[in-house]
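Take a look at the structure below.
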Amino acid sequence: MILPPNTAQELLHRAQQLAGLTLQELAQQLNIEVPHDFSRDKGWGGILLERALGATAGSRPEPDFPALGIEMKTLPISSIGQPLETTFVCVAPMKGMTGEHWETSALRHKLDHVLWVPILAEKHLSPAERQIGSAFLWRASAEQELALRQDWEELMELLSLGRVERINAHLGQFMQLRPKAANGSVKTDAIGANGELVQAQPKGFYLRTSFTQWVLRQQFAPE
DNA sequence: GTTTGATCATAA
DNA sequence: TTATGATCAAAC
């Protein structure tokens, strides 16, 4: 059991110490078994890094490092540093969100301060072979926050106006809504076309790779 | 049953 | 080749 870091600087330092390790090497240090593929362990890499850094275990509606207000996210990248997957942020409120504002939204709080941990994760690399990259702390620039805010407001308006069935992953320039559930039969309450409650597929906010690419460029190739 | 951690599988 | 829609396991 690794204790949480006391400062953001300590967290960053710990994360940077892991750069260059493969996931197998890190798992070995922590006595954790490595899956042969991700088909039944999709979140394994993220959980491994959380444990290694002393994040609070378990799934709770608060940052991974509550005392620091910092969220950790792994980011699978190619050998030339391009994000290979979208990044899940949080589930979307499907009802009772009247009067919700960007400033107080769960999404904004989740992304307030993020420790990004790039992972070299090309498809031909097994979980064991994937390699930890150079972690960094991030806060959205004014431009980035505006971009997310515009997508959030557009998508939340559709949800609150009962247009849930019209939503698909094509909407949103930098952030999209996609299904987020164990399978397609899972339903939750949502607002219907006439303001009534209807059953709909739970959805989550995901950052497009265009957004995380922007984050990486800001960090590693400014200007 | 819901939210966390995400990647998979295949349509486009 | 890329992105959408679907899915998997653990924690709670």
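Below, all heavy atoms of this structure are taken into account, side chains as well, without hydrogens, waters or symmetry copies. Computed from a prediction, not measured in an experiment: that's the story for all the values here. Naming: A, B, ... by sequence-line order, numbering from 1 per chain.
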Roughly, in whole Å, what's the span from [atom1] in [X] to [atom2] in [N]?
| X | N | atom1 | atom2 | answer |
| --- | --- | --- | --- | --- |
| His124(A) | dT7(B) | NE2 | P | 16 Å |
| Met94(A) | dT2(B) | CE | P | 11 Å |
| Asp37(A) | dA6(B) | CG | P | 18 Å |
| Phe88(A) | dT2(B) | CZ | C1' | 11 Å |
| His36(A) | dA9(C) | NE2 | C1' | 18 Å |
| Asn183(A) | dC8(B) | CG | C1' | 15 Å |
| Trp44(A) | dA11(C) | CH2 | C1' | 18 Å |
| Glu50(A) | dC12(C) | CD | P | 11 Å |

[X] side-chain N/O to [N] phosphate OP1/OP2 under 4.0 Å:
| X | N | value |
| --- | --- | --- |
| Thr188(A) | dG1(B) | no |
| Arg40(A) | dA9(C) | yes |
| Lys73(A) | dG5(B) | yes |
| Lys123(A) | dC8(B) | yes |

Is there side-chain contact between Leu48(A) and Thr74(A), with heavy atoms separated by less than 4.5 Å? no
With the side chain counted from C-beta on, respond yes when Trp116(A) and Leu216(A) share a heavy-atom pair under 4.5 Å apart, and no when they do not. no
Specify the residue among Lys187(A) and Gly45(A) whose closest nucleotide of DNA chain B lies further upstream toward the 5′ end. Lys187(A)
Report the residue (Ala182(A) or Tyr206(A)) whose heavy-atom-nearest nucleotide on DNA chain B is the more 5′ of the two. Ala182(A)
Gap between atom CD1 of Ile119(A) and atom CG of Leu49(A) - 0.5 Å precision: 4.5 Å
How long is the gap from NZ on Lys73(A) to OG1 on Thr87(A), to the nearest 0.5 Å? 7.0 Å
Take Glu122(A) and Ser79(A), measure what side-chain hydrogen bond (donor to acceptor under 3.5 Å, both in side chains) needs, and give me the verdict at the end. CA-CA 7 Å; Glu122(A) 298 201 55; Ser79(A) 56; 3.0 Å; yes
Counting any heavy atom closer than 4.0 Å, what does Gly43(A) reach on the DNA or RNA strands: base, sugar-phosphate only, or nothing? base
Counting any heavy atom closer than 4.0 Å, what does Pro76(A) reach on the DNA or RNA strands: base, sugar-phosphate only, or nothing? sugar-phosphate
For Trp214(A), enumerate each residue passing the ring pair (Phe, Tyr, Trp, His ring centres under 6.0 Å) test, keeping only those at least two apart in sequence or located in another chain. Phe174(A), Phe211(A)
Tell me the closest heavy-atom pair linking [X] and [Y], and the distance in Å.
| X | Y | value |
| --- | --- | --- |
| Leu107(A) | Met175(A) | CD1-SD, 3.4 Å |
| Gln131(A) | Gly20(A) | NE2-O, 2.9 Å |
| Trp44(A) | Pro127(A) | CZ3-CB, 4.2 Å |

So which of residues 96-122 of chain A are in contact with DNA chain B, with a heavy-atom cut-off of under 4.0 Å? Lys110(A)
Tell me which residues in residues 19-30 of chain A lie within less than 4.0 Å of DNA chain B, going by non-hydrogen atoms. none
Could you list all N or O pairs between the protein and nucleotides 1-4 of chain C that sit under 3.5 Å apart?
{"from": "dT4(C)", "atom 1": "OP1", "to": "Ala169(A)", "atom 2": "O", "distance (Å)": "3.0"}
{"from": "dT4(C)", "atom 1": "OP1", "to": "Arg208(A)", "atom 2": "NH1", "distance (Å)": "2.6"}
{"from": "dT4(C)", "atom 1": "OP1", "to": "Arg208(A)", "atom 2": "NH2", "distance (Å)": "3.3"}
{"from": "dT4(C)", "atom 1": "OP2", "to": "Gln176(A)", "atom 2": "NE2", "distance (Å)": "2.7"}
{"from": "dT4(C)", "atom 1": "OP2", "to": "Arg208(A)", "atom 2": "NH1", "distance (Å)": "3.2"}

Strictly by side-chain hydrogen bond (donor to acceptor under 3.5 Å, both in side chains), give each pair with a member in residues 161-171 of chain A just once, sequence neighbours left out. none
Verify the neighbour count for atom CD of Glu157(A): are there more than 12 heavy atoms of other residues, nucleotides or ligands below 6.0 Å? no
Judged by each residue's nearest nucleotide on DNA chain C, which is more toward the 5′ side, Lys42(A) or Ile47(A)? Lys42(A)
Quick test of your reading: applying salt bridge (Lys or Arg N to Asp or Glu O under 4.0 Å), list the pairs with at least one residue in residues 129-143 of chain A, sequence neighbours left out, ordered by first then second residue. Asp112(A)-Arg139(A)
